[in-house]
Structures are given as structure tokens and as C-alpha cells.
Asks: 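Please find one structure pasted underneath; my questions will follow.
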Amino acid sequence: MSAPQPVHQRILLKLSGEALMGDDAFGINQATIERMVAEVAEVARIGVQVAVVIGGGNIFRGIAGGSAGMDRATADYMGMLATVMNALALADAMGKQGVTARVMSAIDIQQVVEPYVRPKALQYLEEGKVVIFAAGTGNPFFTTDTAASLRGAEIGAEVVLKATKVDGVYTADPMKDPTATRYTRLSFDEAIGRHLGIMDATAFALCRDQKLPIRVFSIVKPGALMRVVMGEDEGTLVTA
Ligand SMILES: Nc1ncnc2c1ncn2[C@@H]1O[C@H](COP(=O)(O)OP(=O)(O)OP(=O)(O)O)[C@@H](O)[C@H]1O
Ligand SMILES: O=c1ccn([C@@H]2O[C@H](COP(=O)(O)O)[C@@H](O)[C@H]2O)c(=O)[nH]1
């Protein structure tokens, strides 16, 4: 009998910046990033093409700067730069685990990382390299969830996998409402209409329009990413 095969050949993995903190209050917890990278490396090694969008919530969010009185666009650029730091740390950790990664930034900082060029990203993926998209969409007032939807659609990913601290989409934020229950599956229109805060409406709407499904699952749960890639029931599926 042949070994089980992955159900996805090319994925866009959105990694929560906040999850990189582990149990720390800020920044990147080394053991946590190594564990997350080991999970990504495992799926890359079975031949799945992996593109990553990394968040920045462990370092800086524009909304926090804005509410503290900063110019919002400036604060958002700071947030985007935070994702570049996370991307560099991820690529470094991948290299140490024998996975070749390339960071591509939506903001031009060529001394640090190469710019995002779609055909080059596709070439890297076909070569089996992990591509890490940094600096979100490159525009203020957006989020890295929207960047994940955008890059996912651009590279022809079969699914956006949102890897976060919670194990799916709930009827309300499970960190605030202990009575919230988890959906196994829901539509984009339900997610948008019910204002489910797990992702922003722009990210959901872009995936809906491009018919690109999203699966939300826990990156804290060991082996969950591999189970998702193998088509096992994990987290919440959001589809048209
Ligand atoms: N309906 C909901 N179902 C599940 N989680 C929800 C919901 N509403 C709000 N959340 C919250 O959304 C959080 C997901 O945030 P996450 O940190 O992955 O996203 P982010 O803000 O895009 O990431 P980053 O840390 O990269 O900024 C969860 O930790 C959870 O507390
Ligand atoms: O396209 C984008 C993506 C992100 N930002 C800013 O970066 C931070 C961190 O991203 P998260 O999605 O919150 O992890 C975000 O709060 C924005 O300030 C952006 O401006 N444009």
C-alpha cells in the first residue's frame, strides 16, 4: 500500500507574530520559533511548496501606536518593519534546520532582504525553497492577514492556512468569552457578517472573491500543521 499523500501541493501559511512570543511578554522566544520551524520543515520535506506570511504582533501593531497618539500610517510602517525582523528570524531558524528559505519584502530594503517579485517567488517555490513574505502588503491600514490572502491568491496557493494561538474560528473571541464554541466549517459571508475577529473583513473578502479557502488552526498544537496538510480534520475551514 502506498504512503498517504498531502492534499495540498502549495500552501500559504500565515504565522501569527504573537505566537512567536511563546510564554514571553514580547519578541521572539527561541524555543518557540525553533518548534514552529520544525513543523514547517516537516511539511516542506514531504514536497509541499510552502510560502509564509509572518505577522508582527509580538513586536508592534500600528493600531497601538495610533491609539497612543502616533500618526497611524507611520505606526503601520513600524508594524511592517516588525514583520521583517520576524521574517529574518524565521529564515535563520529554517536555515539551521536544513531548510532553504528566501525572504521577500513588500517594502524596498534591499541591503537586508530582496524585494517581492512574483515570478522569482514562484521560481523559489518550484525549487523547493520556503518563501517568507515580509512587510505585509507594503501599505499602511492593512494587516498581514490581508497580505496572506493577497500573496496566497497571487502565487496560486490552494489554501491559506492561518496558524494561530487558538484552534479555530469561534462564535466569539475564545480568549474573552469562555462560552464561545468552535465552528468546524463556515462561509466567508458568515464570518464577515458575524464580525468574527479572528481575521479582518478585507482578508476574508479577498479570499471569498478569489475562491481561496482558509483553514484556521493552532500552531501551538504539535503536529497540527502536518495533519492539515494531510487532509485530516483540524481547526475550522472557511469557504465560499
Ligand atoms: N471569533 C474568533 N474566533 C477565534 N479567535 C478569535 C475570534 N475573535 C477574535 N479572536 C482572537 O484572534 C486571535 C488571532 O490573532 P492572531 O494573533 O493569530 O492574529 P493576528 O493579529 O493576525 O496575528 P499577529 O500576532 O501576527 O498580529 C486569537 O488569538 C483570538 O484571541
Ligand atoms: O499590509 C500590512 C501589514 C501589516 N501592517 C502593519 O504591521 C502590523 C503588524 O501586522 P499584524 O497583521 O498585526 O501582525 C499591523 O498591525 C500594521 O500596523 C500594515 O500596515 N500593512
Side-chain angles (χ1 to χ4, degrees), residues 12-22 24-29 32-33 36 52-68 70-87 89-90 104-107 116 132-152 154 160-186 190-204 206 214-221 224 235-238:
L12 189 298
L13 178 66
K14 160 69 204 309
L15 280 178
S16 154
E18 217 177 282
L20 287 178
M21 296 192 300
D24 298 344
F26 175 83
I28 300 167
N29 177 280
T32 303
I33 196 171
M36 275 190 203
V52 177
V53 167
I54 180 73
N58 55 324
I59 300 173
F60 195 83
R61 282 200 176 98
I63 198 163
S67 59
M70 274 189 80
D71 170 63
R72 176 61 195 265
T74 303
D76 278 340
Y77 280 112
M78 289 172 65
M80 286 184 260
L81 292 175
T83 74
V84 178
M85 289 196 255
N86 283 338
L90 263 186
M104 302 188 114
S105 172
I107 291 177
Y116 169 63
I132 304 171
F133 296 123
T137 64
N139 299 291
F141 311 110
F142 286 91
T143 66
T144 54
D145 282 339
T146 297
S149 303
L150 176 66
R151 295 289 185 247
E154 280 186 90
V160 169
L161 301 180
K162 178 170 164 89
T164 183
K165 291 186 304 185
V166 294
D167 64 353
V169 183
Y170 281 72
T171 49
D173 186 346
M175 299 287 195
K176 295 182 183 153
D177 181 353
T179 67
T181 54
R182 184 168 64 82
Y183 296 97
T184 308
R185 194 181 178 128
L186 81 160
E190 284 168 325
I192 295 167
R194 292 176 192 169
H195 304 283
L196 300 176
I198 182 78
M199 284 176 96
D200 56 277
T202 313
F204 278 132
L206 186 51
I214 300 173
R215 186 171 286 276
V216 179
F217 71 102
S218 167
I219 192 64
V220 183
K221 188 173 164 189
T236 301
L237 181 66
V238 191

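Atoms within a ligand are numbered from 1 in the order they appear, just like the ligands themselves. Being a predicted model, the structure only gives us computed values, none of them experimental.
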Asks: Any idea which protein heavy atom is nearest atom 8 (C) of ligand 2, and the distance to it?
Replies: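 The protein heavy atom lying closest is G79 CA, 3.6 Å.
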Asks: So is R61 touching ligand 1 or not, going by heavy atoms under 4.0 Å?
Replies: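 Checking ligand 1 against R61, which is what was asked, there is a heavy-atom contact under 4.0 Å.
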Asks: Tell me the contacting part of D173 for ligand 1: side chain, backbone, both, or neither, using a 4.0 Å heavy-atom threshold, strictly below.
Replies: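 Looking at D173 and ligand 1, atoms from backbone and side chain both fall under 4.0 Å.
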Asks: Under 3.5 Å, N or O to N or O, is G56 touching ligand 2 that way?
Replies: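 Yes; the residue has a nitrogen or oxygen that sits under 3.5 Å from a nitrogen or oxygen of the ligand.
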Asks: Atom CD1 of I54 and atom NZ of K14: how far apart are they, to the nearest 0.5 Å?
Replies: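 Rounded to the nearest 0.5 Å, the CD1-NZ separation comes to 7.5 Å.
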Asks: How far is atom 17 (O) of ligand 1 from its nearest protein heavy atom, and which residue and atom name does that atom have?
Replies: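 Looking only at protein heavy atoms, the one closest to atom 17 (O) of ligand 1 is S16 OG, 3.3 Å.
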Asks: Between D76 and ligand 2, does any nitrogen or oxygen pair lie at a separation below 3.5 Å?
Replies: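 In this structure, D76 places an N or O atom under 3.5 Å from an N or O of ligand 2.
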Asks: Against heavy atoms of G55, which atoms of ligand 1 measure under 4.0 Å?
Replies: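 Taking each heavy atom of G55 in turn, ligand 1 has 26 (O) under 4.0 Å.
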Asks: Polar-atom distance check: N58 versus ligand 1, any N or O pair below 3.5 Å?
Replies: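 Among all N and O atoms of N58, none is under 3.5 Å from an N or O of ligand 1.
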Asks: Of all the heavy atoms in A82, does at least one lie under 4.0 Å from an atom in ligand 2?
Replies: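 No, A82 has no heavy atoms under 4.0 Å from ligand 2.
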Asks: Identify, for atom 13 (O) of ligand 2, the protein heavy atom at the shortest distance, and state residue, atom and that distance.
Replies: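 The closest one turns out to be R61 NE, 3.5 Å.
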Asks: Could you give the distance from CG (D145) to CG (L150), rounded to the nearest 0.5 Å?
Replies: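 So the CG of D145 and the CG of L150 are separated by 12.5 Å.
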Asks: May I ask whether K176 places a heavy atom under 4.0 Å from ligand 1?
Replies: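 In this structure, K176 fails to qualify as a contact of ligand 1 - no heavy atom is under 4.0 Å.
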Asks: Looking only at heavy atoms, which two atoms of N86 and G17 are closest? And how far apart?
Replies: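 Heavy atoms of N86 and G17 come nearest at ND2-CA, 4.2 Å.
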Asks: Please name the residue in the list T202, D200, T137 that meets the side chain to side chain donor-acceptor pair (under 3.5 Å) test with T146.
Replies: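 It is D200; the other options fail the test.
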Asks: Give the numbers and elements of all ligand 1 atoms closer than 4.0 Å to a heavy atom of T164.
Replies: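 So the atoms of ligand 1 that pass are 14 (C), 15 (O), 16 (P), 18 (O).
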Asks: Check K162 against ligand 1 and report side chain, backbone, both or neither, counting heavy atoms closer than 4.0 Å.
Replies: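 Side chain only; the backbone of K162 stays clear of ligand 1.
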Asks: Where is the nearest protein heavy atom to atom 3 (C) of ligand 2: which residue, which atom, and how far?
Replies: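 The closest one turns out to be T143 C, 3.3 Å.
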Asks: When you measure from the centre of the six-membered ring of Y116, is the NZ or CZ of R151 closer than 6.0 Å and no more than 45° off the axis?
Replies: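 Satisfied, under 6.0 Å and within 45°.
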Asks: For the side-chain contact (heavy atoms from CB on, under 4.5 Å) test, which of T236, L186, T171 pairs with L196?
Replies: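 Output: one option passes, namely L186.
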Asks: Could you list which atoms of ligand 1 come closer than 4.0 Å to a heavy atom of V166?
Replies: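 Here the atoms of ligand 1 in question are 4 (C), 5 (N), 28 (C), 29 (O), 30 (C).
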Asks: Report the distance from atom CE of M80 to atom OG1 of T144, rounding to the nearest 0.5 Å.
Replies: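 Answer rounded to 0.5 Å: 11.0 Å.
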Asks: Can you check side-chain contact (heavy atoms from CB on, under 4.5 Å) on V52 and L90, steps first, answer last?
Replies: CA-CA 10 Å; V52 177; L90 263 186; 4.0 Å; yes
Asks: Please name the pair of heavy atoms, one in I219 and one in M36, separated by the smallest distance, quoted to 0.1 Å.
Replies: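 Residues I219 and M36, closest heavy atoms: CG1-CG, 3.7 Å.
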Asks: Taking non-hydrogen atoms only, is D145 closer than 4.0 angstrom to ligand 1 via side chain, backbone, both or neither?
Replies: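 Within the 4.0 Å criterion, D145 contacts ligand 1 through side-chain atoms alone.
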Asks: Taking only heavy atoms of G57, which atoms of ligand 2 are found under 4.0 Å from at least one of them?
Replies: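 So the answer, numbered in order with elements, is 14 (O).
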Asks: Could you establish whether A163 and ligand 1 come within less than 4.0 Å of each other, counting only heavy atoms on the residue side?
Replies: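 Per 4.0 Å heavy-atom rule, A163 does not contact ligand 1.
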Asks: Would you check whether K14 reaches within less than 4.0 Å of ligand 1, judged by its heavy atoms?
Replies: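 Under 4.0 Å: yes for K14.
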Asks: Which ligand 1 atoms are under 4.0 Å away from a heavy-atom of Y170?
Replies: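 So the atoms of ligand 1 that pass are 1 (N), 2 (C), 3 (N), 4 (C).
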Asks: Side chain, backbone, both or neither: which part of N139 comes within less than 4.0 Å of ligand 2 when only heavy atoms are counted?
Replies: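 The backbone, only.
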Asks: Nearest 0.5 angstrom please: F26 CZ to L20 CG, how far?
Replies: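 Going from CZ on F26 over to CG on L20, the span is 12.0 Å.
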Asks: For atom 9 (C) of ligand 2, what is the closest protein heavy atom, and at what distance to 0.1 Å?
Replies: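 The closest heavy atom on the protein side is F60 O, 3.7 Å.
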Asks: Which atom names give the shortest non-hydrogen contact between A163 and L13, and what distance separates them?
Replies: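 That would be CB-CD1, 3.9 Å.
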Asks: Are A147 and ligand 2 in contact, using a heavy-atom cut-off of under 4.0 Å?
Replies: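 A147: no contact with ligand 2 (<4.0 Å).
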Asks: Heavy-atom contacts with G56 under 4.0 Å: which atoms of ligand 1 show up? List them by number with element.
Replies: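 Contacts of ligand 1 toward G56, numbered from 1: 26 (O).
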Asks: Of the side chain and backbone of Y77, name the one, both, or neither that has a heavy atom under 4.0 Å from an atom of ligand 2.
Replies: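 No part of Y77 is near ligand 2 at this cut-off.
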Asks: When only distance counts, is T137 in polar contact with ligand 2, meaning an N/O pair under 3.5 Å?
Replies: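 For ligand 2, there is an N or O atom that lies under 3.5 Å from one belonging to T137.
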Asks: Under 4.0 Å from any heavy atom of M175, which atoms of ligand 1 are there?
Replies: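 Close to M175: 31 (O).
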Asks: Please report whether ligand 1 has a polar contact with K165, defined as an N or O pair separated by less than 3.5 Å (distance criterion only).
Replies: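 No, K165 has no N/O under 3.5 Å of an N/O on ligand 1.
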Asks: Taking C-beta and beyond as the side chain, do V238 and Y183 meet within less than 4.5 Å on heavy atoms?
Replies: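 No; the side chains remain at least 4.5 Å from each other.
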Asks: Which atom names give the shortest non-hydrogen contact between S218 and A224, and what distance separates them?
Replies: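 Shortest heavy-atom contact: O-CB, 3.4 Å.
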Asks: Any side-chain heavy atom of I198 within less than 4.5 Å of one from F204?
Replies: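 I198 reaches F204 side chain to side chain.
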Asks: Could you tell me whether some N/O pair between G62 and ligand 2 is separated by less than 3.5 angstrom?
Replies: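 By distance alone, the answer is yes.
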Asks: Considering distance alone, does some N or O of F142 sit under 3.5 Å from an N or O of ligand 2?
Replies: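 N/O-N/O distance below 3.5 Å exists for this pair.
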Asks: Heavy-atom distances under 4.0 Å are what count here, so tell me which part of A172 touches ligand 1: side chain, backbone, both or neither.
Replies: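 The answer is the backbone of A172.
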Asks: Which heavy-atom pair separates A75 from G66 by the least distance, and what is that distance?
Replies: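 Looking at all heavy atoms of both residues, the shortest contact is CB-N, 4.0 Å.
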Asks: State the CE-OG1 distance between M199 and T143, to the nearest 0.5 angstrom.
Replies: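 Going from the CE atom of M199 to the OG1 atom of T143 covers 7.5 Å.
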Asks: Got the closest protein heavy atom to atom 13 (C) of ligand 1, with its distance?
Replies: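 That would be I198 CD1, 4.3 Å.
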Asks: Would L237 and T184 count as a side-chain contact (heavy atoms from CB on, under 4.5 Å) here? Give the steps.
Replies: CA-CA 6 Å; L237 181 66; T184 308; over 6 Å; no
Asks: As an exercise, identify every atom of ligand 2 less than 4.0 angstrom from a heavy atom of G55.
Replies: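 Reading through ligand 2 atom by atom, the close ones are 14 (O).
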Asks: Got a second to check how far F60's CZ is from L81's CG, nearest 0.5 Å?
Replies: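 Here the rounded value is 10.5 Å.
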Asks: Is T144 in polar range of ligand 2, meaning some N or O pair under 3.5 Å apart?
Replies: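 The answer is yes, given that T144 and ligand 2 share an N or O pair closer than 3.5 Å.
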Asks: Take atom CZ in R72; do more than 12 heavy atoms of anything else shown fall under 6.0 Å from it?
Replies: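 Yes.
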Asks: If every non-hydrogen atom of A87 is compared with every non-hydrogen atom of I132, which pair is closest and at what distance?
Replies: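 Smallest interatomic distance, heavy atoms only, reads CB-CG2, 3.6 Å.
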Asks: Using a strict cut-off of 4.0 Å, indicate which atoms of ligand 1 neighbour a heavy atom of P174.
Replies: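 Answer for ligand 1: 3 (N), 4 (C), 5 (N), 6 (C).
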Asks: Hey, does M85 have a side-chain heavy atom less than 4.5 Å from the side chain of I59?
Replies: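 Yes, their side chains come closer than 4.5 Å.
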Asks: When only distance counts, is G17 in polar contact with ligand 1, meaning an N/O pair under 3.5 Å?
Replies: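 Between G17 and ligand 1 (N or O atoms, distance only) the closest approach is under 3.5 Å.
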Asks: For atom 25 (O) of ligand 1, what's the nearest protein heavy atom and its distance?
Replies: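 Atom 25 (O) of ligand 1 sits closest to the protein heavy atom E18 N, 2.7 Å.
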